[in-house]
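Have a look at the structure below before the remarks.
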Amino acid sequence: MRIRITHQRITLVLQLILLLEAVLAVWSQRWFTAFLSSMIILITLLPLVFERRFRIHIPPDLQLAAICFVFASLFLGEIRDYYTRFWWWDMALHTLSGFLLGIVGFLLVHIMNEIDDIHVHMKPGFVAFFAFMFALGMGALWEILEFAMDSLLGMNMQKPMLGDPSGLTDTMWDLIVDAVGALVISILGWRYLKNPGQKSLLERWIDAFVARNPQLFRR
């Protein structure tokens, strides 16, 4: 309970920072920054929507990790220009996105694996492979979105990197670190299914998700 309250307080602090940024942006007529800050606030409210609307309870650790990722990527990265100020910022966040998307992909197929209404049972190796491909596929879709935003709206989401002004090097390194993050999660997920007694951070998140959502795992 104490951990959940701590996570809620951290989330509230991040939301207040975003709200202040949105107000200041409106005051100075920086409309895109105001819009993006407001959208980030709405994104941070998604876990609450999932709990109330769909009765899907996300473990506090996973909620906080996702919210911090959104804050770091969109607010610090795009609004505060950390992507340009720190060359490693983009690669670090794409590695983390590989972790988070790998967890989402693993949980999706793990739920399907445990529901009797879906008459299929996938082996641990395939579950891990699905999680890896899901994370990598979502990473590829994001790169397509970046290209579209740059081409259609004149943005600079695919940034020059290592002397390459085209953004190709940036895109390829993004996909590579996405794959690294997804691979780590896939291996941990495979180990969890093969040896349920082991308790790494991923295993604790999975156990917490299963415990808080028994309706998804009824047999």
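Each residue takes its place number in the sequence, starting with 1.
Here the closest non-hydrogen pair linking Q15 and I41 is O-CD1, 4.2 Å. Nearest heavy atom pair, residue A182 against residue A135, reads CB-CB, 3.5 Å. When all heavy atoms of L136 and A179 are compared, the closest pair comes out as CD1-CB, 3.9 Å. Residue V177 comes nearest to M91 through the heavy atom pair CG2-O, 3.6 Å, listed as atom of the first residue, atom of the second, then distance. Minimum interatomic distance between G98 and I185 (heavy atoms only, all atoms of both residues): O-CG1, 4.4 Å. Nearest heavy atoms, L64 versus I10: CD1-CG2, 3.7 Å.
Using a 4.5 Å heavy-atom cutoff, the side chains of F106 and L188 are not in contact. The closest side-chain heavy-atom distance from R191 to K194 is not below 4.5 Å. When side chains are defined from C-beta on, L14 counts as touching I67, because their heavy atoms get closer than 4.5 Å. With a 4.5 Å cut-off on side-chain heavy atoms, W190 and V127 do not count as touching.
Atom-to-atom distance recorded for L101:CG and W142:CH2 is 11.0 Å, nearest 0.5 angstrom. Between the CZ atom of F99 and the CG atom of L183 there is a distance of 10.0 Å, given to the nearest 0.5 Å. For the atom pair CZ of F75 and CD1 of I43, the computed distance is 13.5 Å after rounding to the nearest 0.5 Å. A distance of 12.5 Å separates CG in L19 from CD1 in I40, rounded to the nearest 0.5 Å. With rounding to the nearest 0.5 Å, the separation of CG in L93 from OH in Y82 is 11.5 Å. Put simply, CG on L74 and CE on M39 are 9.5 Å apart, with the number rounded to the nearest 0.5 Å.
Between the side chain of S73 and the backbone N or O of V70, at least one donor-acceptor pair lies under 3.5 Å.
Linking ILVMFWY side-chain heavy atoms closer than 4.5 Å, directly or via other members, places L152 and F147 in two distinct hydrophobic clusters. Note: the hydrophobic cluster containing L12 does not contain V23 (ILVMFWY, side chain heavy atoms under 4.5 Å, direct or indirect links). Linking Ile, Leu, Val, Met, Phe, Trp and Tyr whenever their side-chain heavy atoms come within less than 4.5 Å leaves L42 and L145 in two separate clusters. Linking Ile, Leu, Val, Met, Phe, Trp and Tyr whenever their side-chain heavy atoms come within less than 4.5 Å puts F134 and F126 in one cluster. Following chains of ILVMFWY side-chain contacts shorter than 4.5 Å, one cannot reach W27 starting from L16, and the two form parts of different hydrophobic clusters.
Using the six-membered ring where Trp is involved, W89 and F86 have ring planes that are tilted, between 30° and 60° apart.
Defined by atom type and a distance below 3.5 Å, a donor-acceptor pair is missing between the side-chain atoms of E21 and S37.
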- Item | Chi angles and distances behind the side-chain contact (heavy atoms from CB on, under 4.5 Å) call for I17, F71 | CA-CA 10 Å; I17 293 173; F71 183 86; 4.1 Å; yes

- Query: Are V104 and L100 close enough, and set up right, to give a side-chain contact (heavy atoms from CB on, under 4.5 Å), and what steps lead you there?
  - Reply: CA-CA 6 Å; V104 172; L100 294 175; 5.7 Å; no

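F129 CZ: 12 or fewer foreign heavy atoms inside a 6.0 Å radius.
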